[in-house]
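Numbers restart at 1 for each chain; the letters A, B, ... are given by sequence-line order, proteins then strands.
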Protein chains: 4
Amino acid sequence: MKTRDKIIQAALELFNESGEPNVTTNHIAAHLGISPGNLYYHFRNKEEIIHCIFDEYARDLSIRFQPQAEFDATAESLLGYLDAVFMLMWRYRFFYANLPDILSRDEELQRKYLQAQEELHSNIMVLMNSFKDSGLLDLDENELLSLANTLKLVASSWICYQTTQAPGAKITKGVIYQGVLQMLSIVRPLTTNEGKVRVLQLESHYCDQVQRDIS
Amino acid sequence: MKTRDKIIQAALELFNESGEPNVTTNHIAAHLGISPGNLYYHFRNKEEIIHCIFDEYARDLSIRFQPQAEFDATAESLLGYLDAVFMLMWRYRFFYANLPDILSRDEELQRKYLQAQEELHSNIMVLMNSFKDSGLLDLDENELLSLANTLKLVASSWICYQTTQAPGAKITKGVIYQGVLQMLSIVRPLTTNEGKVRVLQLESHYCDQVQRDIS
Amino acid sequence: MKTRDKIIQAALELFNESGEPNVTTNHIAAHLGISPGNLYYHFRNKEEIIHCIFDEYARDLSIRFQPQAEFDATAESLLGYLDAVFMLMWRYRFFYANLPDILSRDEELQRKYLQAQEELHSNIMVLMNSFKDSGLLDLDENELLSLANTLKLVASSWICYQTTQAPGAKITKGVIYQGVLQMLSIVRPLTTNEGKVRVLQLESHYCDQVQRDIS
Amino acid sequence: MKTRDKIIQAALELFNESGEPNVTTNHIAAHLGISPGNLYYHFRNKEEIIHCIFDEYARDLSIRFQPQAEFDATAESLLGYLDAVFMLMWRYRFFYANLPDILSRDEELQRKYLQAQEELHSNIMVLMNSFKDSGLLDLDENELLSLANTLKLVASSWICYQTTQAPGAKITKGVIYQGVLQMLSIVRPLTTNEGKVRVLQLESHYCDQVQRDIS
DNA sequence: GATGAATGAGGATTCATTCAT
DNA sequence: GATGAATGAATCCTCATTCAT
C-alpha cells in the first residue's frame with residue numbers, strides 16, 4: 001500500500017474517531033510513523049487530504065448504483081441501495097458530522113458535494129419511479145418529488161442528527177440501520193397494499209440487522 | 001444595553017456569519033470595540049458565551065409553546081409553532097451548522113440540547129395528537145410516533161441541510177419557510193380529507209411567505 | 001476593623017494558603033467581598049500590600065525581644081525568643097516560601113529584610129553571650145560568631161526547607177517546633193555539662209509541643 | 001550543539017539570571033533567535049524544560065559521588081564531595097531560589113527532588129560514618145543523625161539563604177565556598193583532636209578559594 | 001520518497017491596574 | 001470610601017506549512 005493511500009486511510013480513521021477539526025496533520029503523520037514533511041510531499045495541504053477522501057467516497061457511491069440491472073427486483077434494489085448509501089455514509093461519517101464547516105472552506109468540494117447530492121436525488125427518483133411502475137407506490141409527480149426530497153434529506157442528515165442525539169455516542173452500524181428503518185417508515189404509509197407487504201419485509205430485515213449490531 | 005448582552009449579540013451575529021470555529025474571542029471584542037480583557041470580565045471563556053447563547057435560545061423556545069391555549073385551533077397552532085421553531089433555528093443557525101462539534105466539546109451543553117430535543121418531541125406529539133383528536137389525522141400510535149420522529153429530524157436538520165445545499169448560501173427566511181413546507185408535505189399524505197384541506201391552506205400560506213422573501 | 005487591615009489579613013491568609021504568586025489582587029478582593037477598585041484605593045499596588053505585611057511582621061518581631069529583662073533566666077529567655085521567632089515565621093510563612101523572588105522585586109523590602117536579619121543576628125548574639133556568661137556555653141569569640149551564623153541560617157531557612165521536604169505539606173506548628181529542636185541539637189554539643197542539662201530540658205519541652213501538635 | 005540542548009542551556013542561564021518566574025518561553029526563544037514554535041517542537045511546555053534541567057542536575061549529582069573508592073582518604077573525599085554538591089547547586093541556583101514554588105506546581109518534580117534529598121542524606125551519612133570510623137569524629141548514632149540533618153539543611157538552603165542576604169547579589173563561586181566553610185564550622189567542634197587538624201586544613205583550603213574569587 | 005527541525009501568525013486566557021461614577 | 005467595568009500587554013501554547021538535507 002502506497003504512503004499516499006495510507007495517509008488517506010489514517011486520516012479517515014482519525015477524522016471519524018475525533019472529528020476533523022481535532023485531528024492535526026501531525027497527528028496523522030505520527031499515527032502512521034511518518035514525518036509531517038512526508039505527508040506534505042504527498043498532499044499540498046490538509047484540505048487536499050479531505051478532498052481525496054471525498055473523491056474516494058464519491059467514486060464508491062457511484063459504483064454502488066446500477067439502476068438498469070435492478071429495475072425488476074425493485075424492493076431488493078432499494079434494499080441494496082439504501083444499504084450501500086448508509087454504509088458509505090458511515091465509512092465517511094466525519095464528513096457528515098461537520099458538513100457546513102468543511103464545505104464552507106472549500107468551494108471546489110462544495111461543488112463536488114452538490115453533484116453527489118444530485119446524483120443521490122436522481123437515484124432516489126429512479127427507484128421511486130420503478131416502485132410506482134411496479135404498482136407498489138401510487139403517487140402523482142409532485143408527491144413523488146416531495147417524497148424524494150424528504151428521503152434525500154433524511155439520508156443526508158441521519159449521521160449528523162444521530163451524532164447529536166446521544167452524549168459521546170459512537171455511531172455504530174446499528175444506528176445506520178435505524179436510519180434505513182426511518183426512511184422506510186416514511187415510505188410505508190404511501191405504498192399500495194402490495195407495496196406495504198414489501199416494505200414490511202424490508203423493515204423486518206433491518207430490524208434484524210439492528211438487533212444483530214446491538215448484541 | 002449592557003456590555004454582557006452586547007457581547008452575546010455580537011458573538012451570535014459573528015458566529016452566524018462566519019461559523020463559530022472561525023470567530024475568535026478577539027474578533028468579538030474587536031467587533032464591539034472593547035478589549036479582550038473586558039470580554040473575559042463578563043465571561044469566563046468562549047464556551048460560556050456559547051452556553052449563554054444556547055440558554056437564550058432554549059428560553060425563547062419554551063416561551064413559544066403554550067399547547068393548552070391552542071388545543072382548538074389546531075391547524076393554526078401548528079402554523080404558529082412551526083413558525084416559531086424555525087425562526088429560532090434561523091436566529092441561532094450557527095449552532096445548527098456545527099452541532100456535532102459544539103456538543104462534543106461540552107457535556108453540559110449536550111445535556112441541555114437533549115432536553116430541548118425532548119421538549120421538541122413532546123410538543124410535536126401534543127400537536128399531532130390534537131390533530132388526530134380533531135379528525136384531521138388518522139394514524140395508530142406507532143405511525144404517529146414514527147411521524148413525530150421524522151418531523152423532529154427534519155426540523156432539527158433543516159438549517160444544517162440547507163447550509164450544505166447552496167454554495168456560500170446565506171440562509172434567508174425564505175429557506176426557513178421552505179422547511180415548514182417540507183414538513184407539511186410529509187404530513188399531508190397522512191391526513192384525512194378534512195385534514196388535507198387544512199394542510200393545503202397552510203402550504204399556501206407558507207408559499208406566499210417564500211415568495212415574499214424572494215422578492 | 002478597617003478595610004485596610006482586613007485586606008492585609010486576607011492577603012496574608014491567602015498568600016500562606018496558596019503562595020503569593022498564585023494569589024491575585026482580585027482573589028483578595030473577592031475573598032473579602034469588596035471591589036478590586038476598593039483594594040486599590042487602600043493600596044497603590046500588590047507590592048504595597050506585601051510591604052505592609054512585612055512591616056507588621058518586623059514590628060511583631062521587635063516587640064518580642066527585650067534582652068535586658070531576661071538576662072538572668074537565660075535558658076528560659078532562649079525558649080521564649082525561639083518560640084516567638086518561629087511562630088512569627090509561621091504566621092508569615094508565605095514570605096519565607098518565596099523570599100528570593102519577593103525580595104528581588106523590591107529593593108526597599110530587601111533593605112528592610114536585611115535590617116530584620118541583622119536584628120536577628122544581634123539578638124542571637126546577645127543570647128549566646130549571656131549563655132556564655134552564665135557558664136552554659138564555653139566558646140571563643142570566633143566559635144560564637146560561627147554558631148550564631150548557623151543558628152540564623154537555620155532559623156531563616158527552616159520554613160522554606162520544610163516546605164520542600166513534604167509533598168503538598170501544610171506547615172503546622174509541629175513543624176515549627178521541630179525547627180526549634182533542630183537548633184537546640186546544634187547548640188547542645190557545644191554546651192558545658194551544666195548547659196547540657198538546660199538544653200535537654202528545653203528539648204523535652206519542645207518534644208512535648210510536637211507531640212501535642214500531631215495528636 | 002543540538003537546539004534542544006541549546007534551549008536547556010539558555011533556559012538555565014536566563015532562569016539563573018532573572019528567576020524562573022520572570023523568564024517566559026518567548027524570552028528563551030528570542031534569546032536563542034529561534035521561534036516559539038521551535039521551542040515547543042522540542043518541549044511540550046515550560047514545565048518540561050525545568051524537568052529536563054533538573055534531570056541533568058540529578059544526573060550530575062549522582063556521578064559525583066563514589067563513596068567506595070574514597071573510604072580511606074576521608075577528609076579529601078569530603079572536600080571533593082562538598083565541592084561538587086555546592087558547585088552543582090550554583091550551576092542550578094535558580095532552582096534553589098524558588099524551590100517551594102517550583103515544586104508545588106509539579107508533583108513529579110517534587111518526587112524527584114525528594115529522591116535527590118534522600119541521596120544527599122545518605123551520602124552525608126556515609127561520609128560522617130567514615131569520619132567516625134577513622135577516629136576523626138566521636139559521636140553516638142543520634143548525634144550523628146542530628147549532625148547529618150543540620151548539614152543537609154545548610155547545604156540545601158545555602159543558595160536561597162545567600163540570595164536573600166545581599167541586595168541584588170549575584171551568587172558567585174566565593175559565596176559557594178563560604179557555604180562549605182559554614183558546614184565545616186559546624187563539624188569542627190564535634191571532631192576529635194586529630195579530626196580538628198584535618199578540618200582546619202580543609203577550612204584553610206576553602207578560605208583560599210574564597211580569597212581567589214574575591215580578587 | 002522521506003526526514004524532522006523550524007516557522008510565525010494567531011488562539012484563548014490572565015491579571016495588575018485605572019477611572020468614571 | 002467604594003464600585004465594577006474596562007484596559008492591554010503579556011502568557012503559554014498550537015498547528016498548518018516550509019525547506020534544507
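Using modelled atom types, one finds no donor on one side chain facing an acceptor on the other under 3.5 Å when comparing D:Y40 with D:N45. Side-chain contact, A:N16 with A:Y92: no donor N or O sits under 3.5 Å from an acceptor N or O. A donor and an acceptor atom, one from each side chain of D:H51 and D:K112, are located under 3.5 Å apart.
Separating the CD1 atom of D:I28 from the P atom of F:dT11 is a distance of 11 Å, rounded to the nearest angstrom. Per the geometry, CG belonging to B:N22 stands 20 Å off P belonging to E:dA9, to the nearest Å. Distance CZ (B:R105) to C1' (E:dG11): 13 Å, rounded to an integer number of Å. Rounded to an integer number of Å, the gap from CD of D:E48 to P of F:dC12 is 15 Å. As rounded to whole Å, 12 Å separates atom C1' of E:dT17 from atom CD1 of C:I49. Spacing between atom CZ of D:F43 and atom P of F:dT14 amounts to 15 Å, rounded to whole angstrom units. Taking atom CZ of residue A:R44 and atom C1' of nucleotide F:dA16, one finds them 14 Å apart after rounding to whole Å. Following rounding to the nearest Å, C:D5 (CG) and F:dG1 (P) show an atom-to-atom distance of 11 Å.
The closest side-chain heavy-atom distance from D:L99 to D:Y113 is below 4.5 Å. At least one side-chain heavy atom of A:R4 sits under 4.5 Å from a side-chain heavy atom of A:F43.
With salt bridges taken as basic N to acidic carboxylate O contacts below 4.0 Å, one links D:E56 and D:R91.
Comparing E:dT17, E:dT14, F:dA16 against the side chain of C:N45 picks out E:dT17 as the nearest. Minimum atom distance to the side chain of D:Y40 is reached by F:dC13, of the listed E:dT13, F:dC13, F:dT17.
Each of A:K46 and D:V23 lies near DNA chain F, and the nucleotide nearest D:V23 is the one positioned closer to the 5' end. Comparing D:T25 and C:K2 against DNA chain F, the residue whose closest nucleotide sits nearer the 5' end is C:K2.
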* **Letter per nucleotide, 5' to 3', of nucleotides 2-9 of chain F [B base touched, S only sugar-phosphate touched, - untouched; heavy atoms, 4.0 Å]** => SBBBSBB-
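Atom-to-atom distance recorded for A:L103:CG and A:F54:CZ is 8.0 Å, nearest 0.5 angstrom. With rounding to the nearest 0.5 Å, the separation of CD1 in A:I50 from CZ in A:R105 is 5.0 Å.
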* Could you summarise the pairing of DNA chain E as dot-bracket text, marking Watson-Crick and G-U pairs under 3.5 Å with ( ) or [ ] inside the strand and | across strands? => .||||||||||||||||||||
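Across all strands shown, C:T24 has heavy atoms under 4.0 Å from sugar-phosphate atoms exclusively, and none from any base.
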